There are 2 protein chains.
Amino acid sequence: MQVFWARGYDSASTRDLLEAMGLSRSSLYQTFGNKEQLYLEVLRRYREALIDRLSRRLEAAPSAMAFLESLFCETANEAGSERATRGCLIFNSASELSQRDTLPSQHARQSMAAITALFHQAVARAQAEGDIAPDRNTDALASYLTMGMAGLRTLLKSGADAGQAGPAAELLLDGLRH
Amino acid sequence: MQVFWARGYDSASTRDLLEAMGLSRSSLYQTFGNKEQLYLEVLRRYREALIDRLSRRLEAAPSAMAFLESLFCETANEAGSERATRGCLIFNSASELSQRDTLPSQHARQSMAAITALFHQAVARAQAEGDIAPDRNTDALASYLTMGMAGLRTLLKSGADAGQAGPAAELLLDGLRH
DNA sequence: CCATTTATGGATCGATCGTTCCAGAAATGG
DNA sequence: CCATTTCTGGAACGATCGATCCATAAATGG
């Protein structure tokens, strides 16, 4: 996962993968089939771990709005770090593989939808809690947040500092509160 | 440019490039040096053409706010098209090359800054025209718009339809008007 | 029209790509 | 402890990568 995350699908060579996993070629191909299937397994685990983690965070948060605020602000504060240039594996794969019609690219699209679904949950709860007007379009707000996070990730990947990413994320959150 | 745009830097093979350009290997290497320098030239031309086109559009627009509205709405309406899955070469290269320290990656970062600078112009004019409150932070709004366009591009690359992209872009513009 | 420069086609380079194969080592189970 | 299965190291596969080289063709200029 680390290798695919840092280098993308095409640029990650089987050499890199073997070295990082501490496996022999035979083991990799016997266990995972080939590079694409290994990548699919990585995407599957990444999405599951991400959605689970965010779902738990949302559930444990004092309010859905507090969850969204902390999520976007913490992400913006990654500015300048090596973590920031890596971005999110889901957005990365969606960007790299958008032109292809392969299982990984389909998986990436589904993962984007899963992120939007999670934001949908958060927005709906924030509306129930009175932090977002209940008459606002929940679907639209969910897509808006996915778009915002994807854009924030691109901003961070391109080397934006906290002085750019922070206020931009704040304005994004302002758009929720209306 | 078409080849790099559609396939990215690494995945674009010299074979693809030669075929698209109608040149022989000798001519390509004699004229452009190597693949990286050719890519740099492509990035340079793309940025120049994009910034020039948008600058002229901004200048010709009845108001800066009208320019921003049409830009984001037209982009959102590309949903589902082949053009949408290609995205923007600047965001694409920034995403693909963020981990590297090469001339193309530096160029991509500078291009991101150029986009933000253009949005800065637009926001400043919209403030002068009374469509955006003059006391709002122009820098922050410019970064916000770059983030929004990058996110919108990612949304479109991942196959979002107009029903998702359109309202998300509308909400983004609402954030300008406050 | 000839001398000089410039462009081209194609063979070829070493390196690396993802993948397969097989002999031998390790683990397993009765 | 032996028979059987499972795993591993390393060689090797064909294909493709970016890049170089050279003989030849085309263009140029006096």
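Every value quoted in this text rests on a predicted model; they were computed, and no experiment measured them. A, B, ... follow the sequence lines: proteins, then strands. Residue 1 opens every chain.
- The interatomic distance linking Leu18(B) (CG) with dC17(D) (C1') rounds to 12 Å, in whole Å.
- Panel note: side chain Ser81(A), backbone Glu78(A); a donor-acceptor pair is recorded below 3.5 Å.
- Side-chain atoms of Gln127(B) do not come within 3.5 Å of backbone N or O of Ile132(B) as any donor-acceptor pair.
- In this structure the side chain of Ile115(B) never reaches within 4.5 angstrom of the side chain of Leu54(B), judged on heavy atoms.
- Between the C1' atom of dG9(C) and the CZ atom of Arg15(B) lies a distance of 14 Å, rounded to the nearest Å.
- In this structure, Ser158(A) and Phe91(B) have side chains that are not in contact, with every pair of non-hydrogen atoms separated by 4.5 Å or more.
- The two residues Phe72(B) and Leu145(B) come nearest to each other via the heavy atoms CZ-O, 3.7 Å.
- Scanning residues 92-107 of chain B for heavy-atom distances under 4.0 Å to DNA chain C yields an empty list.
- To the nearest angstrom, C1' of dA15(D) lies 15 Å from CG of Asp16(B).
- With Trp5(B) contributing its side chain and Gly87(B) its backbone, the two residues share a donor-acceptor pair below 3.5 Å.
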* Would you sketch DNA chain C in dot-bracket for me? Only Watson-Crick or G-U wobble pairs with both distances under 3.5 Å count, crossing pairs as [ ], other-strand pairs as |, the rest as dots. => |||||||||||||||||||||||||||.||

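- Remark: Lys35(B) is positioned above the aromatic ring of Tyr9(B), its terminal NZ or CZ atom under 6.0 angstrom from the ring centre and at most 45 degrees off the axis.
- Following rounding to the nearest Å, Asp10(B) (CG) and dT16(C) (P) show an atom-to-atom distance of 15 Å.
- Shown for residues 26-37 of chain A: residues whose heavy atoms fall under 4.0 angstrom of DNA chain C, namely Ser26(A), Tyr29(A), Asn34(A), Lys35(A).
- Side-chain contact between Arg177(A) and Glu69(A) is present, with heavy atoms from C-beta onward closer than 4.5 Å.
- Minimum atom distance to the side chain of Arg25(A) is reached by dT20(C), of the listed dT20(C), dG9(C), dG9(D).
- The shortest non-hydrogen separation linking Asn92(A) to Lys157(A) is OD1-NZ, 3.1 Å.
- Between the Ser11(A) side chain and the Gly8(A) main chain, no donor and acceptor come within less than 3.5 Å of each other.
- Separating the CG atom of Leu23(A) from the P atom of dA26(C) is a distance of 17 Å, rounded to the nearest angstrom.
- Of all heavy-atom pairs between Leu43(A) and Ser93(A), the closest is CD2-OG, 4.0 Å.
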